[in-house]
Amino acid sequence: ATFSLRPPFQHWGTSLPPRMPRLFLWAQALFLSLPPSEEDSQQNMSPEHSSINIILFGALAKDYSESVSQGDTLLVTGFTVGNSPTAQKDKLHACNLQLAGDDAWMYVSTDSGRSSYAAKVVKYTYVPLSDLTPGVVVNVYAVVTFFKQPFRTKGTDYCSTLKITDQSNKKVGCTIFCDKLEEHPKIFKMGDIIRLHRVKTQLFNGAISLLTSHGFSVVTFDGMVGSPVVPRTSSGSFKFGEEDCQVVEALRTWAANQSLVPAEPCVPLSAVQPKTYFDLTCQLLAKAPVDSSCTLLKVWDGSKCPHPLLDVFVEPNTLEGSPTLSKDMANLTANVLVYDNHVEVARQFKPGSYLRIYNLHAVPGASRLPSNDSGQSDQMGHLGFHLHGGTSYGRGLRVLPEDSPDILDLKRILETFSESDINDSSMFEVWSTPPESFGMLTFFTLMLICTISRFPVNIAYKRTCDHTVEQVSLAEVKSRGPPQMFHIQAQLKSYQPQRLYQSLKLFCHKCKTIRDVPDDVTVGGLFSEAQKDVGPCNNGYWTLVLPLPKEPPSESPSRTLTLLMSSQLMGKGKAKELIFLKGATLEETCRIASAYSNIVPVTSPQGTMTPMDLSAPFLFRGTKRYYGCKQCSQLKVGESLGEGVEVWDEKSVADALGVQLLQYGLLMKLELQDGTGSLEALLWRDAESFFHVSAEDAAADQEAQDRVQETMDRLCPPGSSTAERPWMDLCLSAYTVEENGQRRACYQICHTDTRGTNTHTHPHATPSDT
DNA sequence: GATTAGGCTTAG
């Protein structure tokens, strides 16, 4: 992965980012033992010189850190011998062995004696907890009997505190330090199985404990007998085989007969006793910051609490997500106040996600929230829930993945709410409302169904238009026909293109045509084609010709890179602001563009410098690429450049070159439905405000692309049923297009804004601005 | 490259 431009560019004095190996492993006093040779004895070498440091660089470091264990025998070839800078300190050999580059290899022979090629065959040995001795690095398999979710330490890391045990019945404490939260063990409940690689034994208070050591890794599993053995890890390169399955299953079976786990700490809202501590598995409906040390979470688990639940009012504009009044009234919403260290954790949560809250305190009596001191006298004795500060008793909270068994159960329960029909008697039970208020009940039940059926993404899609139009059904839209504006309420049935990058288009304001953004293979091909033009170009530009080092195969022709700068700009000391580049590959152009403000790739077919085929970008600015319209551009390179131009941006460069600049846009076709029918509508003119993304950013920036994807995933969650999709308030413009003499009605979504993630409007409420 | 914590209830 060497960068062929480096030598000339270093000479030229640019600041191109170097491509250095990113990974290296400091493998200290590795597991290698060299038996003292005869020469050594003759030279009176001291015994400590039988140990030597090996340093691995690059890909080797990554591969071997995954595959070498203490005690393995290594065969090392292709190394260089260097002075060991740590010889004084570690008293090891004065030299070290450095393994870098393609020639360096290391072969690993495991305990079993079968030598083999590196990473593939390493076998881990697991030590029973009763056999642990202090001061060694080991691998263990165990059952978790106590755990704390990772919490911030006073140092640089997060810490997970665990207690684990195995068939040897020995209980061992385990402390995991790691600065990355995702690398901490994913433990959801006591009884989960854990596999720890490279943990260090340590004597503390007279007992063995385990501590993370270099190269530490962890995988966890559900502890329930019979459930699928699915490793939970964030590591992409962990080893997991048939034997692991067997170890996990053996531990599960053993643990099932041991009563290791105390009485089920997980309690549904329907079984909560006041003044107790319990674990709650729930879905987050909404959250709101209360103050710097307290956050409110509104959650439910689909069960009805027998005790009246405390309601906590917060300013609606501070609330993220959509709690529903109906769930409050049905005593389904639990208000959880999360304090101190847990606030940071809760900040990451998104409404709709599934949570488990550990050691939640059910507190009868009103909360002392400043905003509702007065209003809560009538809530005396209502149950509130507190997640106190600190981590005692494993107090904490985390998101559970949607496919974990407990969540599947919970989802099923929550689904029964959205599927419930008004005539469904289970609904009446939920309400436990006396028969005499039946009329009232029907109204509220209707409300409940309306709201819940739009769960979990009850987002208000706000119309931003300023006209007043009656809201109509899709069937009416079709029967009334164009030209007209409509307001509709609909769900997304499907959309095209499914590959969202294909929605990026280039638009010419002059000839009104839309074209696709070419992919890198196509653009790269145009650059290769342009490279064939090796002739000179003499049109009065300052020219710098850079020979490039030969690349294999050696018979390939030598290449040069030509940089051209305008004499006019040179005269003003602005030469670097606009650079023309000839002979570069696409990749090289991109790299150079990262260091200069405007790079124009050019060729010189008849000895005159001219922009490349306009199928390719005519301009690179940082990560952004700009295209010109083939039909409408009238290239004029060679004439005087940019008289009076102060700032060189895409517009002034396009003007100077006679290029008709194309504008980026997003084009999608959305199929809408509302129960009266479905309708295909385009998203084009107002697509940027719909997604809150500039199309130009979306062409160059992953984050912007993600935002488009997220919006589509919210409107149409992958694998979701219609009932789960949110409703949108949309403004629709109907117009007529003529194709082959045929007139056809066309619809476009306009004036609609998906920013409303923090707002909530009841589905039947009329947006205030319409 | 050391350090962090080393379960055992907040007090809202």
Side-chain angles (χ1 to χ4, degrees), chain A residues 24-29 53 55 85-86 89-90 134 144-165 171-181 183-185 187 189-190 194 199-216 260-262 265 273-280 288-297 310 312 314 335-343 346 357-373 376 379 383-397:
Chain A
F24 73 94
L25 168 71
W26 174 234
Q28 189 176 38
N53 288 316
I55 306 173
T86 56
K89 205 168 139 194
D90 59 24
V144 177
T145 60
F146 172 80
F147 65 98
K148 286 182 177 185
Q149 294 301 337
F151 56 94
R152 224 185 244 293
T153 64
K154 289 177 194 147
T156 57
D157 294 342
Y158 288 91
C159 174
S160 294
T161 303
L162 323 176
K163 182 142 271 174
I164 59 175
T165 188
K171 286 196 166 56
V172 174
C174 181
T175 306
I176 287 158
F177 291 114
C178 185
D179 58 351
K180 294 188 189 67
L181 271 176
E183 287 172 22
H184 277 258
I187 303 172
K189 51 158 59 162
M190 296 185 201
I194 189 165
V199 279
K200 198 164 53 190
T201 55
Q202 199 187 48
L203 211 49
F204 175 73
N205 281 345
I208 289 277
S209 60
L210 291 169
L211 199 66
T212 39
S213 82
H214 256 284
F216 154 82
L260 296 168
V261 178
Q273 293 301 314
K275 298 185 185 171
T276 58
Y277 291 89
F278 68 107
D279 294 353
L280 179 67
V290 174
D291 58 49
S292 62
S293 68
C294 181
T295 291
L296 169 70
L297 303 181
L310 180 75
V312 179
V314 290
N335 285 279
V336 177
L337 291 163
V338 159
Y339 291 98
D340 304 338
N341 51 319
H342 310 299
V343 169
I357 309 178
Y358 302 91
N359 196 238
L360 189 58
H361 194 185
V363 183
S367 121
R368 278 208 311 114
L369 279 179
S371 56
N372 54 349
D373 252 353
Q376 280 191 357
Q379 290 203 54
L383 267 194
F385 299 92
H386 295 241
L387 184 69
H388 297 297
T391 62
S392 311
Y393 280 78
R395 198 178 303 129
L397 71 178

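In the text below, chain A, chain B and the rest are named by the order of the sequence lines, each starting its count at 1.
At whole-Å resolution of the value, CG in A/L310 and P in B/dG12 are 14 Å apart. Following rounding to the nearest Å, A/L210 (CG) and B/dA5 (C1') show an atom-to-atom distance of 14 Å.
Not counting sequence neighbours, A/K154 has no partner by the side-chain contact (heavy atoms from CB on, under 4.5 Å) test. Listed by chain and number, the residues in a side-chain hydrogen bond (donor to acceptor under 3.5 Å, both in side chains) with A/K163 amount to none (sequence neighbours excluded). Applying the side-chain hydrogen bond (donor to acceptor under 3.5 Å, both in side chains) test to A/D157 and every residue at least two apart in sequence or in another chain returns nothing. Under the side-chain hydrogen bond (donor to acceptor under 3.5 Å, both in side chains) criterion, A/S392 pairs with no residue at all, not counting sequence neighbours. Here A/H342 pairs with nothing under the side-chain hydrogen bond (donor to acceptor under 3.5 Å, both in side chains) rule; sequence neighbours left out.
B/dA5 sits 23 Å from B/dG1 when the P atoms are compared, rounded to a whole Å.
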Scan nucleotides 6-11 of chain B nucleotide by nucleotide, 5' to 3', and note B when protein non-hydrogen atoms come under 4.0 Å of the base, S if they reach only the sugar-phosphate, - if neither.
-> BBBBB-
